[in-house]
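Remember, it's a predicted structure, so these values are computed and weren't measured experimentally.
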Amino acid sequence: MLAVVSPPARSNSFNLVARGDVLRPPGAPCPLRQGPARVEQGVDVLRAAYLRLRDRMRLFVTTTRDFDEAELEEVKRGQEQLYVDVSSKLMPDDFASDLRKLRLSAECRACARRTGCPGCYVAEPGNAFAEDDARLRARLRELRGAVLDVGCGEAPYAEEFEAAASAGCLSYVGVEPEASRVALLRARHAWARYVVGTLESAAESGSLGRGGYQHILFMRSFNHLPDPAQSLALAARWLAPEGRLWLVDNVAFGLLRSREQAHRAEQGPGQLEHFRNDSAAEAAALGSSLGWRVAERWDIGPSTSNQWLLSLERP
Ligand SMILES: C[S@@+](CC[C@H](N)C(=O)[O-])C[C@H]1O[C@@H](n2cnc3c(N)ncnc32)[C@H](O)[C@@H]1O
Ligand code: SF4
């Protein structure tokens, strides 16, 4: 039996809640650039952001204690992973339609007051999540051979494997601890095989078969693993010699939301399923320390969504 001591769970996102408005007619320059520099009282600029609306700038502020200064700096100023929630949900669950990515306005980038100001953000045209998802799906459709999907959840990517499976070029096994999800998937995908359990319990019970998988996927399950080094080492035992591990996950992000949405979310059931918010670079460092070579890596940045990809193979 593999003993895994779980670290404390943590959030993957923080809310920034509307605090007040500064009027700014359409086309007008930023009113905060004129006169003495002013920051709303008690507002830490790192914990705040203005959202450009048609005739105003709305100030949003976070009171989160789940993220330290360095993490907030990376989310807001490093990778610019701020989004406005346009849904009315407790927690957005379809990022492509529920969220709009924000970027710092061009005026703010050139502004001398930038470091002492929360900055004004505008919603980007296009949809970073939809674009990144389409790229990922196209990459998954290229996979051939035996595929093991660890923590498949509701198997949102299974459809990308169906054609190859039907043509006899691919076999698919999904592993998921939530039995109710697996029951639905078994009814939906006769061409796939699903196992109820964690990677660890499935490995121990022999449900993973003889191994030799060409591709072992951790699709947004990597940051849910209490001990990723142990899980990757375990996965390696089921991987073919020339096989690849595929890690896809999300870094932390900030959500501009209405006070009511944030309040309802805080009263609702906890969403703390993550143990880390590792980036591709952090996952690659772990992989290297375990002797893996990076075969492919998609980093996130200010123009992408918060989803990264890392593919590892044996040296
Ligand atoms: C955020 S969901 C991702 C689900 C799906 N792969 C996707 O991309 O939407 C993370 C999933 O990992 C599963 N999970 C967590 N720990 C696991 C483990 N040790 N072994 C297998 N699955 C695990 C959870 O039950 C959950 O369904
Ligand atoms: S950084 Fe942006 S919001 Fe702040 S004063 Fe300059 S232009 Fe205005």
Side-chain angles (χ1 to χ4, degrees), residues 11-33 37 39-40 43-62 64 67 69-87 91-92 94-136 249-258 261-262 277 279-281 298-309:
S11 320
N12 181 235
S13 65
F14 55 89
N15 292 323
L16 297 103
V17 177
R19 173 76 66 89
D21 290 354
V22 174
L23 293 180
R24 179 179 175 185
C30 174
L32 305 182
R33 287 179 79 163
V39 175
E40 300 291 326
V43 170
D44 172 348
V45 295
L46 190 56
R47 294 175 163 266
Y50 284 103
L51 175 65
R52 182 70 167 110
L53 299 173
R54 197 184 61 80
D55 59 354
R56 62 197 60 219
M57 296 176 1
R58 179 157 295 160
L59 182 65
F60 287 78
V61 177
T62 181
T64 182
F67 295 84
E69 299 276 295
E71 289 171 320
L72 291 173
E73 174 80 30
E74 182 66 2
V75 169
K76 190 183 168 202
R77 294 187 176 143
Q79 306 300 342
E80 294 193 24
Q81 291 299 325
L82 292 185
Y83 297 83
V84 58
D85 184 353
V86 293
S87 78
M91 255 336 259
D94 178 353
F95 287 1
S97 58
D98 297 344
L99 306 185
R100 299 280 308 278
K101 188 166 197 301
L102 301 178
R103 68 179 152 76
L104 189 66
S105 72
E107 189 180 15
C108 292
R109 288 185 199 281
C111 177
R113 292 187 170 169
R114 187 175 159 192
T115 50
C117 176
C120 185
Y121 290 77
V122 289
E124 284 199 322
N127 189 308
F129 286 111
E131 286 162 21
D132 290 348
D133 192 54
R135 184 180 177 208
L136 174 61
D249 224 313
N250 306 96
V251 298
F253 60 105
L255 266 185
L256 277 61
R257 315 188 81 199
S258 69
Q261 264 177 322
N277 292 309
S279 63
W298 301 353
D299 283 299
I300 65 129
S303 62
T304 72
S305 75
N306 69 334
Q307 183 165 283
W308 51 265
L309 174 148

Smallest heavy-atom separation, Thr64 atom then Arg47 atom, equals O-NH1, 2.7 Å
Which heavy-atom pair separates Ala18 from Phe60 by the least distance, and what is that distance? N-CD2, 3.3 Å
Any chance you could measure Gln307, atom CD, to Asp132, atom CG, to the nearest 0.5 Å? 7.0 Å
Closest non-hydrogen atom pair between Arg54 and Arg52, with its separation: O-NH1, 3.4 Å
Asn12 to Val251 - nearest heavy-atom pair and separation: ND2-O, 3.6 Å
Could you pull out all residues at least two apart from Glu131 that satisfy side-chain contact (heavy atoms from CB on, under 4.5 Å)? none
With sequence neighbours left out, what residues match Phe129 under ring pair (Phe, Tyr, Trp, His ring centres under 6.0 Å)? Tyr83, Phe95
Qualifying residues under ring pair (Phe, Tyr, Trp, His ring centres under 6.0 Å), relative to Tyr121, sequence neighbours excluded: none
When you look at Asn15 and Asp85, which way does the side chain to side chain contact (heavy atoms under 4.5 Å, CB included) test go after all the steps? CA-CA 10 Å; Asn15 292 323; Asp85 184 353; over 6 Å; no
Distance-only check: which donor-acceptor pairs under 3.5 Å involve side-chain atoms of residues 99-107, not counting sequence neighbours?
| residue | atom | partner | partner atom | Å |
| --- | --- | --- | --- | --- |
| Arg100 | NH2 | Glu124 | O | 3.2 |
| Lys101 | NZ | Glu80 | O | 2.9 |
| Lys101 | NZ | Pro302 | O | 2.5 |
| Ser105 | OG | Cys108 | N | 3.2 |
| Ser105 | OG | Cys120 | O | 3.4 |
| Glu107 | OE1 | Arg24 | NH2 | 2.6 |
| Glu107 | OE2 | Cys30 | N | 3.0 |
| Glu107 | OE2 | Arg33 | NH1 | 3.3 |

Which residues satisfy the side chain to side chain donor-acceptor pair (under 3.5 Å) test with Ser13, sequence neighbours excluded? none
Atom pair CG/CG of Asn250 and Asn306 - distance to nearest 0.5 Å: 4.5 Å
pair Pro26-Asp55: side-chain heavy atoms closer than 4.5 Å: yes
Between Leu23 and Pro31, what is the shortest heavy-atom contact and its length? O-CG, 3.7 Å
Please step through side chain to side chain contact (heavy atoms under 4.5 Å, CB included) for the pair Phe67 and Asn277, ending with a clear verdict. CA-CA 11 Å; Phe67 295 84; Asn277 292 309; 3.8 Å; yes
Can you tell me which residue among Arg135, Gln81, Gln79 is in a side chain to side chain contact (heavy atoms under 4.5 Å, CB included) with Thr304? Gln81
Where is the tightest heavy-atom contact between Val86 and Ser97, given as atom of each residue plus distance? CG2-O, 3.7 Å
Leu32 and Tyr50: CA distance, side-chain angles, deciding distance, side chain to side chain contact (heavy atoms under 4.5 Å, CB included) verdict: CA-CA 11 Å; Leu32 305 182; Tyr50 284 103; 3.5 Å; yes
Start with the C-alpha distance between Leu82 and Leu16, add both sets of side-chain angles, then the distance that settles side chain to side chain contact (heavy atoms under 4.5 Å, CB included), and finish with yes or no. CA-CA 9 Å; Leu82 292 185; Leu16 297 103; 4.1 Å; yes
Tell me whether Lys76 contacts the main-chain N or O of Gly254 through its side chain, where contact means a donor paired with an acceptor under 3.5 Å. no
Below 4.5 Å, heavy atoms only, C-beta onward: do Gln261 and Pro92 meet side chain to side chain? no
With sequence neighbours left out, what residues match Asp299 under side-chain contact (heavy atoms from CB on, under 4.5 Å)? Ala280, Arg297
